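Accompanying notes for the structure given below.
These numbers were taken from a predicted model, which means no experiment stands behind them. Convention: sequence-line order gives letters A, B, ...; per-chain numbering from 1.
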Amino acid sequence: MKLITAVIRPSRLEEVRKALEELGVHGLTVTEVRGHGRQKGHTEVFRGKEYVVDLLPKIRLEIALPEEKVDQAVEGIEKASKTGDVGDGKIFVVPIEECVRIRTGERGEEAL
Amino acid sequence: MKLITAVIRPSRLEEVRKALEELGVHGLTVTEVRGHGRQKGHTEVFRGKEYVVDLLPKIRLEIALPEEKVDQAVEGIEKASKTGDVGDGKIFVVPIEECVRIRTGERGEEAL
Amino acid sequence: MKLITAVIRPSRLEEVRKALEELGVHGLTVTEVRGHGRQKGHTEVFRGKEYVVDLLPKIRLEIALPEEKVDQAVEGIEKASKTGDVGDGKIFVVPIEECVRIRTGERGEEAL
Amino acid sequence: MWRSPFRRILGFSFVLTASWATAASAQDAASEISSSDTAWMLASAALVLFMTPGLALFYGGLVRSKNVLSTMMHSFGAMAVIPIVWFLWGYTLAFGGDVWSVIGNLDHLFMRGVSWEEPAEGLAISQLLFATYQGMFAIITPALIAGAFAERMKFSAYMLFIVLWSTLVYSPVCHWVWGGGWLGGLEVHDFAGGTVVHISSGIAALAAAIVIGKRQGYPKSPMMPHNLPWCALGAGILWFGWFGFNGGSALGSNGIAVLAFTTTNLAAATAASTWVLVEWFFRGRPTMVGLATGAVAGLVGITPAAGFVTPGGAIVIGAVTSAVCYWFVSKKESFGYDDSLDAFGVHGVGGTVGAILTGVLCAQTLGLSGFADGEVSRGTLVGLQVLGAAATIIYSFVVSLILLKIIDAVIGLKVDPDTEVAGLDVNIHGESGYSI
Amino acid sequence: MWRSPFRRILGFSFVLTASWATAASAQDAASEISSSDTAWMLASAALVLFMTPGLALFYGGLVRSKNVLSTMMHSFGAMAVIPIVWFLWGYTLAFGGDVWSVIGNLDHLFMRGVSWEEPAEGLAISQLLFATYQGMFAIITPALIAGAFAERMKFSAYMLFIVLWSTLVYSPVCHWVWGGGWLGGLEVHDFAGGTVVHISSGIAALAAAIVIGKRQGYPKSPMMPHNLPWCALGAGILWFGWFGFNGGSALGSNGIAVLAFTTTNLAAATAASTWVLVEWFFRGRPTMVGLATGAVAGLVGITPAAGFVTPGGAIVIGAVTSAVCYWFVSKKESFGYDDSLDAFGVHGVGGTVGAILTGVLCAQTLGLSGFADGEVSRGTLVGLQVLGAAATIIYSFVVSLILLKIIDAVIGLKVDPDTEVAGLDVNIHGESGYSI
Amino acid sequence: MWRSPFRRILGFSFVLTASWATAASAQDAASEISSSDTAWMLASAALVLFMTPGLALFYGGLVRSKNVLSTMMHSFGAMAVIPIVWFLWGYTLAFGGDVWSVIGNLDHLFMRGVSWEEPAEGLAISQLLFATYQGMFAIITPALIAGAFAERMKFSAYMLFIVLWSTLVYSPVCHWVWGGGWLGGLEVHDFAGGTVVHISSGIAALAAAIVIGKRQGYPKSPMMPHNLPWCALGAGILWFGWFGFNGGSALGSNGIAVLAFTTTNLAAATAASTWVLVEWFFRGRPTMVGLATGAVAGLVGITPAAGFVTPGGAIVIGAVTSAVCYWFVSKKESFGYDDSLDAFGVHGVGGTVGAILTGVLCAQTLGLSGFADGEVSRGTLVGLQVLGAAATIIYSFVVSLILLKIIDAVIGLKVDPDTEVAGLDVNIHGESGYSI
Ligand SMILES: Nc1ncnc2c1ncn2[C@@H]1O[C@H](COP(=O)(O)OP(=O)(O)O)[C@@H](O)[C@H]1O
Ligand SMILES: Nc1ncnc2c1ncn2[C@@H]1O[C@H](COP(=O)(O)OP(=O)(O)O)[C@@H](O)[C@H]1O
Ligand SMILES: Nc1ncnc2c1ncn2[C@@H]1O[C@H](COP(=O)(O)OP(=O)(O)O)[C@@H](O)[C@H]1O
């Protein structure tokens, strides 16, 4: 089991969700985050002075998956969230040792 | 050392915290997230039209723990957050390679 | 590749970011979270009654890094976020198996 | 026929003392409509209407974010439905020709015969303006009750309840005091609705809190207010609107209006200060909720007294009402019911304290009380106030209880537990207060 | 010279019937300035100004949080620029000496000759007060249009548009109806701006929605309102301010003001109730947005009628306008344009319904319609209303369309797609609505 | 005895020119109370009170969310305590019998002898209404100062400070200008408080910013406003309430009130437009904060002039005040103090600009200035304004500085650094502005 963590543009969330649905991946957890990378921030103005805001709104997705679906899912997310401009975001894959579905107590891949 | 990530119902947060306290687990980090899985969303109405909202409010807990407490903690969370209805959430366990307590510079299990 | 997850005081965010910039680490993702540990909460008053609020505002940073920069980065974060008072927070290091830059499709360390 | 508090005083003052008569522009028996009284009463009516959105914010800020809309809908729901009730039958039950001193007759059903050209009896504003102004009071009164059952009452049950309550409690009590009924006849003093508005609604709130039961987790889990700037703005709007509520209850642009305006402001300020000082002393922190709640308590306390007491008296009323409400509210857990937003603790308790203090402090020497100095004893005055409060308490409690029990039996008062957990906004109203 | 609706009625009533003349404090031909009329009109002018921040909240709460400021800037931008336009040339185009029944002449350029000492013709308030009060209407009208193109219009294009639109649409239409122009001459009834304000802006909104095109993702992706308490408070402020809008349109503190005040309140309440009931029935949930939208629809509907109908008539207008707007708004997707916040659906549709119902329901027997009973047929009355509405619809649509096309060609109306995705606040205004 | 600006003009106009006298309903020497003047002044008093919650939002939206309540408590704290101060001794110090042209005597301690039946001298409103209306000015003035030390001042120190400041600065300066003191005697013009309210508070703000020192991280770390819709709504409420502030300063429902109302609206609009244009030009973005700040600057600038200048003059005042304040505020970092929310930059600077422009632009020909054309030179007029501003600047700065130093020595002005980091709301008030 793997945990995919993807940081994407807020405007691509729906596309990504659709792509995942198509792959049969239904479960995911979404967090509103702010990110910084190569993407330039914007400046904000406050009473005649400018301030650089370089933490930009992003969406962070967490998706737990069985091993075999990971590649597909990563690709799906990639395609759906790519605009080609700086700031598209990142995908990280991390191993999961155990997974539990709280409702049923199921463990492991069934619990996903 | 392991990192438990649990996605639970907001209304169960206090119960879960109590359960963890009883196990002697005090440290945790809480994030407000929204999740989707088997649980049906609800519909919202806006000027005569209905929209399905299928990202529901959840609470995400992160708890770093020494190996030996993991099973107990998982069970504790399970019990405290279970309602038996769809949408109870998930628990994931991931390995931690290093942990630091910033205040003291302690590393490893002492730092938890 | 590793993923550093650091939970710090909100007031130290700018210092930490500066420290990381100096180490040549530019990419990071920030989440507003609330945390509990040894730090005492505060009490809030509502119409003559007191309530303990023991989930305190923290900032959670995620930074994906190549192996070799991890130690430096951890130290940098430590220094920049330390005040010496209880509540300074924690740093966790977790292994990453794969990393993708969505914009270019690059994988692995280049994608960081 | 209806009788305004103003006219009542005037009636008396003609016999007993004319010392302050010149201030009253409404006094000419001829009673033509005064354009200037009309100007102030139009402004006052608008101000009183604005109090209800203010109440929506005041209450809405104090609940958890998942219930903000359902709580605001209590106030806005009253704005939507009570004007219709008032137009159809509420006004005539309150101010139609007196029937046995307890209720108005049906002369003005559908506001029939309420003229925008003819002055209201003994006043210099038209009958329609009087009716419209009074209608604004009818709106906010049931909305005040909603503080007691916020975060758990069905919207359908609430709407049904306020229609019935407005008809069976508000209109009758209004008639008793202002419409020619028995309390007014006994010279019970209620300048702007301490009894009619605050006691009646505050006691109904108690009944409702008892019947509907507690919120899940109360009082163990803290239920912190989700947005205190809302609450503060709401209190600010209430304070602002209350000038129309109390100042307008002089029913003209005259000296009594000025006095009521002044006492209102002073009582609000003193009560806000008192609450903050008391909690600063006992809890170590001066809070925004405390300041806002104190101000509202003071405004409640001065309501029955506004045109009857001196500014000095207003300060006493503000301080005492606020202190008593603080004490009461901070003890409420031990009483075992869950009055979510202290509708009873502030309006019921504060209204009763204000009503009694009106008797204690009304200025006989100045002729404000309607009695010349020495004509009736202070004890009699206070006694009458206690009587008025007690009658309203008993009547409102009993009728509210019966209404709530019936509604509970027929359609149920409380949302189901899952809805309560998820929040009423999403489940009942199909909306979230906040999105990205 | 300009003619107020009020004076127009009066003109008639002098000839035909004097039955209600006593209620009108403004009637003395002598026409001295009345201090009490002044008091109410000052308060009314303040109330109407306050509607525009209310509109900012009403609209601002309905958009996504990334566009809250840009949406509010539409209202505040109108507050910043329209008073200057009105002072410089807007007033004289609307109320300067009549030219061919279609526009005012330039007599009052820069408000020259608008005296604060001399009464406006036929009224008991000064010329300057009349001009200032009317200026408040000029502010809110273009701001209403902004609901149609919220979340995608360039601020520069918007500001240019409202200056031109106010000059080329608002001032002329205002002149036609109230300033001595042809519609007023034909006795088309528009008490407080159903045609002048709501139809003109609502139709411009339709033109704008068509020209500027849809928001990205509309109608597929849901675009939920980000802060409904804002929206509710905005509706509350609008309701409050509307008392000055309609009540003040009597242009004095008199019986017509009282009547208009009362009908305004009843129509708002009925319309709010109606919308909620209809959606409860069709969608199973009574919503806050629905209640707020319904109230606004009812206020729009009653605007042309406020001083011409009975309270009972107001209830009919509230209910019908609300139901029609609900139906329209819930169907709008199928019409293929993106009127983001239903500026056309509420103001255009509601204004037209209200204008026509004014003809149907205006009270001839009471002399309110300006005609004695039987003097003109109901059909004629309605026909005139349809004519007034149609003329305004055609004129506003055509001129708005041309203006928008020109601005689009010259500087562009729509922000670039990236800005639209990121939100207008950050990219155009360099600000975020909310931070930590 | 006190003298209103209005009466002062009147005094002159009687001798010199009676051309506009008919507009003044208050003029009859007989001086009976006018019900219509009362109506407008009651409405105005309510409007001015409402400005303080508006200020709470305006300031509260500009700070970081951890300090929203502590910032709002500055405004609400003034509402809670100043009415009591004013009642007890503030009013008599300002408007009691003159002592050496510098202070009022103690005749009206506890408002003794302030009648709600007797007219205030030379006016047609009662003494009590005058006192109550003036009391609303006393509330907002110290609250304005709070913008300078937001996010770091102890609440206890603040409350102590405003009680002392109101007593030792506000009441005396008010007496100098309006209460029969030396500045009024010299015919310094201050229609509605440019000097009394804005210069005095703006300068105190400067003193406070200097004494209390900077916020941690200022000016390096950006401290962005946390909620701009609050700020915009606050500005909207201020604009609305300012009609009572300036329009009411005519102290009656008359032509001067209409003029002041009109100039107020025009100056606010022009100033808002100016600020936005300037920053659009220099920074490339038109901001909501800029529009709101500009509007407030314009309102400050027109305050001393509102009843003395023509509408055209108001446009000049709005534009100039706004541009100067923009320039000043955008440069403030280089001055080395931390005036968090620009209380000095807007009220101090804007008030001074407005006071001087009042001399430059007051309309002698119309008799508005109190002098017939040619009677005194423009230079003398301007010189008097500079004198009035200078005297107030010096007095307010010195006394404020001393008060702040003493309070700092005794209980400390600034919160400890940890509290500042964590936010004042949680640590001082035991509350969070926002929860879930
Ligand atoms: N090393 C990193 N660790 C964690 N998050 C990162 C890292 N680098 C980038 N991110 C996240 O990805 C987002 C996009 O990255 P950025 O470098 O701006 O664009 P791109 O991925 O297109 O090169 C950032 O806003 C941040 O949230
Ligand atoms: N594969 C997954 N990856 C990440 N989070 C998940 C996943 N599946 C479910 N979740 C989280 O768990 C929550 C509950 O899941 P759901 O399927 O609705 O109920 P249940 O766990 O009772 O079957 C979701 O809202 C989501 O936040
Ligand atoms: N075991 C843990 N797992 C996850 N987060 C933790 C853990 N312990 C502490 N934290 C996070 O670190 C923050 C600081 O911890 P705390 O114990 O209060 O102070 P310190 O680290 O200085 O001892 C907490 O608020 C919480 O967010």
With a 4.5 angstrom heavy-atom cut-off, which part of [X] approaches chain F: side chain, backbone, both or neither?
{"X": "E:Leu128", "result": "both"}
{"X": "E:Met72", "result": "both"}
{"X": "E:Pro53", "result": "side chain"}
{"X": "E:Asn227", "result": "neither"}
{"X": "E:Ala131", "result": "neither"}
{"X": "E:Trp86", "result": "neither"}
{"X": "E:Ile82", "result": "neither"}
{"X": "E:Val48", "result": "neither"}

Considering all heavy atoms, the nearest [X]-[Y] contact:
{"X": "E:Met73", "Y": "F:Pro286", "result": "CE-O, 3.9 Å"}
{"X": "E:Ala45", "Y": "F:Phe261", "result": "CB-CZ, 3.4 Å"}
{"X": "E:His429", "Y": "F:Thr287", "result": "O-CG2, 3.2 Å"}
{"X": "E:Ser35", "Y": "F:Ser36", "result": "OG-OG, 2.7 Å"}
{"X": "E:Ala80", "Y": "F:Ser273", "result": "O-OG, 2.7 Å"}

Approximate separation, where rounding is to 0.5 Å, of F:Arg285 CZ and E:Asp425 CG: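 The CZ atom of F:Arg285 sits 12.0 Å away from the CG atom of E:Asp425.
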
Is a side-chain N or O of E:Glu117 found less than 3.5 angstrom from the main chain of F:Gly255, in a donor-acceptor match?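 Not at all, since once roles are kept as given, no pair shorter than 3.5 Å links the two residues.
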
Is [X] close to chain E through its backbone or its side chain, or both, or neither, when contacts mean heavy atoms under 4.5 Å?
{"X": "F:Val289", "result": "both"}
{"X": "F:Ala257", "result": "both"}
{"X": "F:Leu259", "result": "both"}
{"X": "F:Ala232", "result": "both"}

Let's go through E:Leu129 and F:Thr262 carefully: what are the C-alpha distance in whole Å and the side-chain angles of both, what is the deciding distance for side-chain contact (heavy atoms from CB on, under 4.5 Å) to 0.1 Å, and is it a yes or a no? CA-CA 8 Å; E:Leu129 179 49; F:Thr262 303; over 6 Å; no

Applying a criterion of heavy atom separation less than 4.5 Å, what residues of residues 54-66 of chain F form contacts with chain E?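 F:Arg64, F:Ser65, listed by number.
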
Write out, in numerical order, the residues from residues 238-247 of chain F with a heavy atom short of 4.5 Å from a heavy atom in chain E.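 So the qualifying residues are F:Trp239, F:Phe240, F:Phe243.
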
Which residues share a side chain to side chain donor-acceptor pair (under 3.5 Å) with F:His226, sequence neighbours left out: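 For F:His226 the side chain to side chain donor-acceptor pair (under 3.5 Å) partners, ignoring immediate neighbours, are F:Tyr434.
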
With sequence neighbours left out, what residues match E:Leu160 under side chain to side chain contact (heavy atoms under 4.5 Å, CB included)?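 E:Leu160 satisfies side chain to side chain contact (heavy atoms under 4.5 Å, CB included) with E:Leu164, E:Ile407, E:Ile411 once adjacent residues are dropped.
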
Assess the residue pair E:Ser156 and F:Trp280 against the criterion (side-chain contact (heavy atoms from CB on, under 4.5 Å)); give the C-alpha distance rounded to whole Å, side-chain angles, the decisive distance to 0.1 Å, and a yes or no. CA-CA 10 Å; E:Ser156 54; F:Trp280 209 342; 3.8 Å; yes

Are any of the side-chain heavy atoms of F:Asn265 and E:Met136 separated by less than 4.5 Å?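 Sidechains of E:Met136 and F:Asn265: in contact.
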
Measuring only between side-chain heavy atoms, which start at C-beta, is E:Leu69 closer than 4.5 Å to F:Pro229?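 In short, these two side chains touch, coming nearer than 4.5 Å.
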
Checking side-chain contact (heavy atoms from CB on, under 4.5 Å) for the pair F:Leu266/E:Phe87: CA distance, chi angles, key distance, verdict? CA-CA 8 Å; F:Leu266 272 168; E:Phe87 171 80; 3.8 Å; yes

